[in-house]
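First up is the structure itself, then whatever we jot down about it.
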Amino acid sequence: MDKARGVGLSDEERARRGFVQGNLTGELLNRFQDGPGVFVAVAAGELAGFAITSEPGWLPPQHPAAAAVKAVTTAADGRDLGRLFLYGPVAVDDRFQGRGVLTKLLTALSRALKDDFDLAVAFVETANERSLAVHRHYKMAEEARFEAGGRTYVAFTFSPAAFAQGHF
């Protein structure tokens, strides 16, 4: 996880390579495991990547994930968004990047969750240039910008049903 967080890299290197925000404590990981799912990709017997999902509502309002859901809901301006889940954190090991691992993770989680959820919500710090580019590559909708903890983020959404059918 430290490698995915970009520990030891300069701000410029982190922006270029991408980074996962925050720390995953044992308690937090248990909460994620009790949620919609923790998805892993294994290649040649090694962990190639992971994607964590969770349901909104259990994090404090100042947490970026809770702020992302609020920003998306506010941007919807009264439109019914259906059942939401949070997408992230996600990381693909450097050795497996560019091999379709993230596409496979996104497809697997979308197929698993499409019947229970209508919309995925993700958030990316604006300093994370690589992650912003990845989310845009998959044509995730940029719903809103927001601030939390003195940092600026972009809230992205995507339909798991559409992604499961290859519409990205």
Side-chain angles (χ1 to χ4, degrees), residues 1 4-5 18-42 47-92 100-126 128 130-149 151-168:
M1 185 66 175
R5 287 180 35 237
F19 57 90
V20 170
Q21 299 159 181
N23 293 310
L24 282 180
T25 64
E27 178 185 346
L28 192 54
L29 189 54
N30 286 338
R31 297 255 354 215
F32 285 140
Q33 288 175 331
D34 291 339
V38 175
F39 298 82
V40 297
V42 176
L47 178 65
F50 65 85
I52 296 174
T53 63
S54 59
E55 292 191 56
W58 61 274
L59 293 165
Q62 69 273 16
H63 191 281
V69 170
K70 182 177 181 183
V72 167
T73 303
T74 300
D77 197 29
R79 279 183 299 122
D80 180 14
L81 298 175
R83 301 159 297 173
L84 305 177
F85 73 95
L86 291 162
Y87 158 72
V90 176
V92 175
V101 172
L102 183 55
T103 299
K104 290 175 184 171
L105 281 168
L106 282 166
T107 300
L109 76 84
S110 291
R111 287 181 179 155
L113 302 179
K114 68 181 175 57
D115 293 334
D116 295 319
F117 297 96
D118 302 302
L119 196 66
V121 177
F123 63 97
V124 177
E125 188 176 341
T126 56
N128 194 340
R130 176 80 180 262
S131 187
L132 289 170
V134 167
H135 286 75
R136 290 171 178 148
H137 167 77
Y138 286 106
K139 298 186 179 25
M140 294 181 187
E142 294 185 45
E143 298 293 347
R145 285 183 179 255
F146 64 95
E147 289 192 17
R151 296 183 176 163
T152 304
Y153 298 88
V154 176
F156 288 92
T157 62
F158 69 93
S159 161
F163 203 98
Q165 294 178 357
H167 299 291
F168 57 89

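The structure displayed is predicted, hence computed values, not measured ones.
The closest side-chain heavy-atom distance from Tyr138 to Leu102 is below 4.5 Å. Contact of the Leu105 side chain with the Phe50 side chain is not registered, since no non-hydrogen atoms from C-beta on lie closer than 4.5 Å. Looking at heavy atoms from C-beta onward, Phe156 lies in side-chain contact with Glu142 at the 4.5 angstrom threshold.
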Check against side chain to side chain contact (heavy atoms under 4.5 Å, CB included), Thr103 and Phe168: CA-CA 10 Å; Thr103 299; Phe168 57 89; 3.9 Å; yes
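Applying the salt bridge (charged side-chain N to carboxylate O under 4.0 Å, His left out) test to every pair with at least one member in residues 62-85, sequence neighbours left out, gives these pairs: Arg83-Asp118. Sorted by first and then second residue, the salt bridge (charged side-chain N to carboxylate O under 4.0 Å, His left out) pairs involving residues 152-168 (not counting sequence neighbours) form an empty list.
Taking OG of Ser131 as the start and NE2 of His137 as the end, the distance is 13.0 Å to the nearest 0.5 Å. With rounding to the nearest 0.5 Å, the separation of CG in Leu81 from OG1 in Thr157 is 8.0 Å. The CZ atom of Phe163 lies 4.0 Å from the CG atom of Leu106; values are rounded to the nearest 0.5 Å. Distance check, rounded to the nearest 0.5 Å: CD of Glu125 to OH of Tyr153 gives 5.0 Å. Distance check: Leu86 CG to Phe123 CZ gives 7.5 Å after rounding to the nearest 0.5 Å. With values rounded to the nearest 0.5 angstrom, His135 atom NE2 is found 12.5 Å from Arg130 atom CZ.
Nearest approach of Ala164 to Ser110, heavy atoms of both residues: N-CB, 3.8 Å. The shortest non-hydrogen separation linking Ala67 to Ala148 is CB-CB, 4.3 Å. Heavy-atom minimum distance, Pro160 versus Phe85: CG-CE2, 3.9 Å. The two residues Ser159 and Leu119 make their nearest non-hydrogen contact at N-CD1, 4.3 Å. Nearest heavy atom pair, residue Glu143 against residue Ala75, reads O-CB, 3.6 Å. Closest non-hydrogen pair, Pro36 versus Thr53, comes out as CB-OG1, 3.4 Å.
Taking the ring centroids of Phe158 and Tyr87, they lie under the 6.0 Å cut-off.
Thr126 places a side-chain N or O within donor-acceptor distance of the main-chain N or O of Thr152, the cut-off being under 3.5 Å.
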